[in-house]
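Reviewing the structure listed below.
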Amino acid sequence: MGPQTQVKIFLIAGEPSGDLHGKNLVRALRQAHPGDIDLRGVGGDGLEAEGMHLVRHIRETNFMGFVQVLQNLGKIRQLFRDVKADVLAFQPDVVILIDYPGFNLRLAKFLHRHGIKVFYYISPQVWAWKRSRVRKVKQFVDRMYVILPFEKPFYAEDGLEVDFVGHPLLDEIKPDAYRGAELRDRLLGEGQQLVALLPGSRKQEISRMLPAMLEVLPQFPQCRFVVGGAPTQDLAFYRRIIGDREVPVVIGQTYDLLDAADAALVTSGTATLETALFRVPEAVCYAGGALSVFLARRLIKVKYIALVNLVLDRLAVREFIQKDLNPDLLGAELRRLLEDPERRATLARDYAELRQRLGDEGASKRAADLMLKRLGQSVASS
């Protein structure tokens with residue numbers, strides 16, 4: 001495709017983290033492309049704010065775990081039908097898929113069959129489970145742009161060349177840009193420490209994780225525990241779980257909260273990396289439904305669940321999974337994170353190495369430039 005004044009992009013980000021990274025990618029694409037970008041797709045508030053016309057909002061697409069996916073198969077099938085029809089009507093120059101593999105890899109097959117170019121930004125976790133999906137990537141995806149350093153050699157083992165662009169969180173998290181000091185002044189009493197609770201973004205995981213995290217409260221009367229609430233959930237939902245405990249909730253202010261925190265209990269996922277990049281000592285938590293865990297234990301092929309540990313290839317942050325997620329073990333680790341200078345110093349060194357391994361800043365710009373070059377667009381100098 002030669003240079004043109006407009007490029008048409010259909011983008012699919014089915015989860016909050018995908019919306020965040022998609023927002024930054026779109027911003028970089030607009031800065032790099034000399035003409036207009038006509039943008040449609042599936043996403044959240046971030047992508048909508050960047051001018052994307054939403055076919056569906058992530059509130060309707062964000063399902064977690066085997067069981068919840070099975071329970072919502074009808075909605076997922078309808079979403080698939082709607083997206084297919086919208087893509088064919090829109091006739092984009094490219095469809096950009098962001099993570100969300102169960103849906104996106106199936107859609108990639110459909111798009112390939114219809115001769116529509118497919119870019120995949122942020123690899124599905126094929127290195128953790130379902131390695132057979134690599135074959136689908138090779139067949140149906142025109143180019144993959146990965147954000148974790150071990151993913152490029154992983155794909156090379158199967159003869160697939162991908163672009164490692166670095167991790168976009170390095171651009172999203174900027175020093176001295178947050179209001180942690182204000183939060184501490186407002187929430188903490190004399191001599192108190194602040195422990196952030198990050199129970200996830202989906203109702204199902206919050207309902208499972210937050211009660212487990214709250215069980216450690218009686219062991220830490222000197223601490224103020226504060227919940228980082230997801231913008232997709234309302235305050236009343238959190239208050240029903242918290243009950244009469246004196247635990248504040250801050251909605252949509254996770255980075256301000258991490259900027260304020262002395263330690264954190266974090267549900268496994270992107271938040272473990274975010275917490276590490278804020279240099280906050282953390283313990284990683286995970287508990288799933290019995291069926292989901294039964295299936296996961298047979299399918300997942302990695303040593304760790306925390307992205308921090310996967311990137312470092314060692315157990316830097318402690319993981320509390322299923323039966324280990326209990327107040328005795330979790331409380332003991334939280335006490336070390338708050339009170340043990342040696343533990344905190346070791347984590348600080350691990351976090352510094354993690355940041356170095358994640359690559360340089362500018363991931364979104366690198367991805368945007370590579371995508372536009374592959375599309376044949378002239379990229380504005382910067």
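- When side chains are defined from C-beta on, Gln78 counts as touching Asp82, because their heavy atoms get closer than 4.5 Å.
- Not less than 6.0 angstrom separates the ring centroid of Tyr286 from the ring centroid of Phe320.
- Both tests pass for Arg335 against the ring of Phe220: distance under 6.0 Å to the centre and angle within 45° of the axis.
- With rounding to the nearest 0.5 angstrom, the CZ atom of Arg208 is 13.5 Å from the SG atom of Cys285.
- Glu205 is not listed as a side-chain neighbour of Pro199, based on a closest heavy-atom distance of 4.5 Å or more.
- Of the listed residues (Arg355, Arg344, Arg314), just one forms a salt bridge (charged side-chain N to carboxylate O under 4.0 Å, His left out) with Asp350, and that residue is Arg314.
- A side chain to side chain contact (heavy atoms under 4.5 Å, CB included) with Ile96 holds for exactly one of Asn104, Ile12, Leu29, Val26; it is Leu29.
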Would you list the atom pairs, donor with acceptor, under 3.5 Å between side chains in residues 37-53 and any protein atom, with sequence neighbours excluded?
{"unit_1": "Arg40", "atom_1": "NE", "unit_2": "Asp86", "atom_2": "OD1", "d": "2.8"}
{"unit_1": "Arg40", "atom_1": "NH2", "unit_2": "Asp86", "atom_2": "OD1", "d": "3.0"}
{"unit_1": "Arg40", "atom_1": "NH2", "unit_2": "Asp86", "atom_2": "OD2", "d": "2.9"}
{"unit_1": "Asp45", "atom_1": "OD1", "unit_2": "His57", "atom_2": "NE2", "d": "2.9"}
{"unit_1": "Glu50", "atom_1": "OE2", "unit_2": "Arg27", "atom_2": "NE", "d": "3.1"}
{"unit_1": "Glu50", "atom_1": "OE2", "unit_2": "Arg27", "atom_2": "NH2", "d": "2.8"}

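- In this structure, Arg245 and Leu214 have side chains that are in contact, with non-hydrogen atoms separated by less than 4.5 Å.
- Cation-pi geometry between Lys84 and Phe110 is satisfied (NZ or CZ under 6.0 Å from the ring centre, within 45° of the ring normal).
- Note: Tyr255 and Tyr178 meet the aromatic proximity criterion, with ring centroids under 6.0 Å apart.
- Salt bridge status for Lys138 with Asp158: absent, with no side-chain N to carboxylate O gap under 4.0 Å.
- Because its NZ or CZ atom is not both nearer than 6.0 Å to the ring centre of Phe119 and within 45° of the ring axis, Arg374 does not count as a cation-pi partner of that residue.
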